[in-house]
Amino acid sequence: MMNTKITEPITRILSAQKAPLAMLLIFITMLFFKTPFYTSYNLIDLVNSNSTLLIVAMGFTVVLVAGGVDLSVGGVMTVSGIIAIELINSGIAIPIAVLISILFGAVIGMINGYLTVYQKTEPFIITLGMGVLLTGVAQQLTTARPVACDNPDFQNLANYKLFGLVPVLVLVMIVTVIVIVWILRSTSFGRNCYAIGGDYEVAKYSGINVLPTKTLAFVISGVTAALAGVMLSSWVNSGNSIYGDTTALYIASAVVVGGTSFAGGIGGAFKSLLGVMFIGLLSNAFNMLNIDSYIQQLLVGLFIVGIIWLDCYGRKVKRESV
Amino acid sequence: MDKKITTQSIITFTKNNLIIVGIFILAIITSFVEPNFLTVGNLQNVMRQFGPLIMVSLGMTFIIMGGMIDLSVGGIISLVAVVTISLIDPIGQAAALMVGVTIGLICGLLNSFLILKGGALKQAEALFLTYGMSVVFTAVALIYTGAAPVFMSYSKTDFSIFTAIGEGFIGPASTSFIIFLVCLLILYIIESRTHIGRSICLTGGNMIAARLAGIPTEKTIIFIYAVSGVMAAIGAVVLASRVTIASPLMGKGYETQAILAVVVGGTALTGGKGSVLRTVIGTLLIILMSNCLNLLGVTTYIQYMLRGAILILAIWLDNRKQYSEGN
Amino acid sequence: MENNNAEAILKIKEVSKAFPGVKALDRISLEVFRGTIHGIVGENGAGKSTLMKILSGVYQKDSGEIVFDGNKIEDITPIQSMKMGLSIIYQELNLVNTMTVGENIFLGRFGEMGGREAVHSKARILLDRIGCQIDTQKEVSELSVSDKQMIEIAKALSFDSKLIIMDEPSSSLTFDEMQQLIKIIHDLKNKGISIIYISHKLDEIFNFCEVVTVMRDGHLIETRNVNAISRNEMISMMVGRTIENEYPSRPNYVGETVLEVENINTKLLKNVHFNLKKGEILGFVGLVGSGRTETVRAIFGADKVKNKSIKLDGELVSINNPIDAINNGLAMVPEDRKIQGLLLQFSVEKNISLASLSELTYYGFLREKEERDISERQIKSLNIKTPSAKTKIQMLSGGNQQKAILGRWLELKPKILILDEPTKGIDVGAKYEIYLLMKKIVEDGGSIILISSELPEVLNMSNRVLTICNGRITGEFDPLQASADEIMAKAFEF
């Protein structure tokens, strides 16, 4: 039995400052190696390649804070990207196609929310099933081959560099982060989500409309996933059905690393951003150090298990402190 | 007690077993539309499907009955498959088989220790831990083989056992079917007649009360994950034997399919009730559904979609049933 | 008793409330006047918390009338109650631990108040009004109970409350914190706010309450000015009752010591130690939260408690989990049968055989016939009313469910049987059957530890009674010699 006097404060500190400290560690470590890590090219690429995941992570965070979880985000991403491309290919104007795709995400979010909140079913399995369903939809729509967009302007959507420097993708990501940070920090809705995730009963008794609020959280998750999906397919100019299942769980782990908890009511958009960036940074550092990509996967996997285990263990210690 | 088959009772049965009835109707429609459906050849085809999926699903049954979940089975399948096939040459097929099953066992035990020590006794917590382990197991498989598949046919030593498993017959039934029957028998006996089998239901039904009454809940959790690991290993062997290749990603997707099979069969996700027999029915239904849809010309992708839809439907219906049974 | 200068802020007339099988409140009539500190006392189950929950909108009354600040209260929700000016501070505290002080005060009203800045500055003003210096940005989980109460009071003030109900506020407070609370209560009173103060600590009632209401078994016994009642009178009113239940004659033979418990220390329990003798029924008397259940759970291995010393028949044994306990001849019927005792979806048979499964196991296999025999045996001997052994136990009445749980343990013929509220929610007939059973158990050589909030039950069935208060054993009595009042007084000895 571990001595709880020592492990409890350590776990608390780790939980509080995980991501920033760890990122600092990576930056410092990389100083010692001669790699292209510290080139502007690499650092820019780092931001670019993690932008879509960041967009999804924002909506994911809202749901998590409200005490739920949305494992269908990968599926939503995939299908919305494909929908956008197919619509544009059949002649629909780009802005409208994008809007429809995002609306699709909202609808899925509403279904997820309804089944979870109003029908009181376990969110993780419902959204898992939804993710499977959507992956199938994606495969059907593309007959498992990537689709490309005929309209060259579509690529510009994400790739166009504002001021010749910042791709629209990154701009969209920044705007999304700002919006979600604002929602969670400064709106009634956002604060109510924290209350619902923190203590459902207390929130209910305080007059908060828990059912619509929690459902809206799911809708937001669907919207950001759809947005990310459209952006991604524009970025690589391809609608692909392979992004599916793993995205959600990857993001979930990153977000927990950042400090947003599965228990709900804890964390925030900025923390999640740090979590995602940290894992992205970790992978990047591994690449730079020429660590075999499969060993990378192993390390990342072990890391995920470790972080989540610590999160659970912390709760266990609290529960059993008689 | 006389059970009258009234219209009322049929309606009630349908309501309670919507999916079973739905697939039954599908089968009837298919037999009209596609005459090949009711041929021996087709039925044998269906039997052939009782391979890796059913093994994993049987293991998953105990997990879900015990109130837990295991998302690592896909990773275990990949790992066991590549290690086993790659070891046929160095240590001989019998030894390779034993190593494979042992690896499955070890993976399962690892899962259970993590869960117990971490106090991750809620399904949602176990979900993420086992998913993480899946990533780890898959990564180990990838590293071990350098991401390259392992070809059974390249083995210089005798691998006849595997061929037998993959293509052989014992009498009228395929070897893999026999293996399935043996596993089913063993698991059914455990489930219905042994102390540990009973403990699984009890732990899943109410872990707190079971523990206070002296049920060894911790041992039970170790047991269900161990069984899940072993069954995944057996599934891996059957799979690899069938396709004569072991690739480090071949287990992908099995966990969701297994969960689907268990849930469709009628075992409640919340735990406490269920049976491996029900899972067999669930798997049969899914295979049957695939078979019908294939014959009717429905693409695999739509089938995949349907699986997701049915999973959601099955969970939702199960949830409604739990609620109406007075919660 | 009348308060000539003030009017009643709260008028409760003939309010009743029943739950399945239990009449929680029986025609309660009560008036609380403006600017008064009004205490309410009563044992466990007297109905205090039910009444408060009706006032705060969590429950709805079955009948009667409630008028608050001139308005009739019918079918209100908790938030409506708060907006009317009636706030309640629960013992468990209605705060979201993961959020800040300021936000908790204005929970659900973030937008109304004007956003983050406004919320915190308004919270600051409220906290200053009660002399509380906590930073509004601090997370509630980091606060002490005393500070959390301040937050709740500030919350009540934010609604312009005219009546604040405090339910057992002092259980976790230090002396200094208590003084601070008393000062705040007086400040509130001077502002014209009424306080309903519920507490087991009778000293507090005498210290600063002006009026006190005594409740018992869902009835309101009396409301009196505090200076017109003595402590003994108060206890008598809380305790005294006509005994409706009959009890079998007290078992007599008491032999050697079978159990010695020492050094039980947890967050709540402080060096709990006691003995139990063969053939004895040892009763535990104490308030809810005093540590009775915690003690038996520690003995039974249900909770991990380090360094405890348990001796059975003089020999030290190691009990780290329920399996150890059972192997050593202990058995426990837990407090909350729905959550801790029953497997609701399973049959009566499976629930009864639950603890005997190891006995039924031969080389890993269960002997099903013997399992059926066990359940038949217990159903018959305990007179459990069930359509069949295979019926889902959820379908049975509370009394029969409890009997099934008892049967589960009796099958093991335990040396020591722990009963935690064994007759809660059970009809009179079944209760008597259980009492007879208890008597037979000790006559056959077993020993019983009995925890019950029904004082007559404990006093009539026990050979010896231990009082426990706030985690400490405060007294030991022979119920034949000591009076109920004497014993109860020890249960209130904080």
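Chain naming here is simple, since letters A, B, ... match the order of the sequence lines and numbering starts at 1 in each.
- Taking each heavy atom of K316(A) and K117(B) in turn, the nearest pair found is NZ-O, 3.4 Å.
- Contact annotation for residues 293-302 of chain A against chain B (heavy-atom separation below 4.5 Å, listed by residue number): Y294(A), I295(A), Q297(A), L298(A), G301(A), L302(A).
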Inset, instruction - Any chance you could lay out the side-chain contact (heavy atoms from CB on, under 4.5 Å) test for I259(B) and I125(A), step after step, and finish with the verdict? - result: CA-CA 10 Å; I259(B) 294 175; I125(A) 198 76; 4.1 Å; yes

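- If you measure heavy-atom distances from L121(B) to chain A, you find no contacts under 4.5 Å at all.
- Going from atom CG of L114(B) over to atom CH2 of W309(A) covers 7.5 Å, rounded to the nearest 0.5 Å.
- Looking only at heavy-atom pairs under 4.5 Å with chain A, the residue among L129(B), I115(B), I69(B) that has the most is L129(B).
- Both the backbone and the side chain of I143(B) come within less than 4.5 Å of a heavy atom in chain A.
- With chain A as the partner, the residue from A147(B), G146(B), P248(B) showing the most heavy-atom pairs under 4.5 Å is A147(B).
- Interface summary for chain B: among L115(A), L134(A), I308(A), L133(A), the most heavy-atom pairs under 4.5 angstrom belong to L133(A).
- For the pair Y131(B) and Y250(A), the tightest heavy-atom approach, listed with the atom from each and the gap, is OH-N, 4.1 Å.
- Annotation: I208(B), atom CD1; neighbour count of heavy atoms from other residues, nucleotides and ligands within 6.0 Å does not exceed 12.
- Put simply, the side chain of F128(B) reaches to within 4.5 Å of the side chain of V69(A), judged on heavy atoms.
- Other residues, nucleotides and ligands contribute more than 12 heavy atoms inside 6.0 Å of the OH atom of Y200(A).
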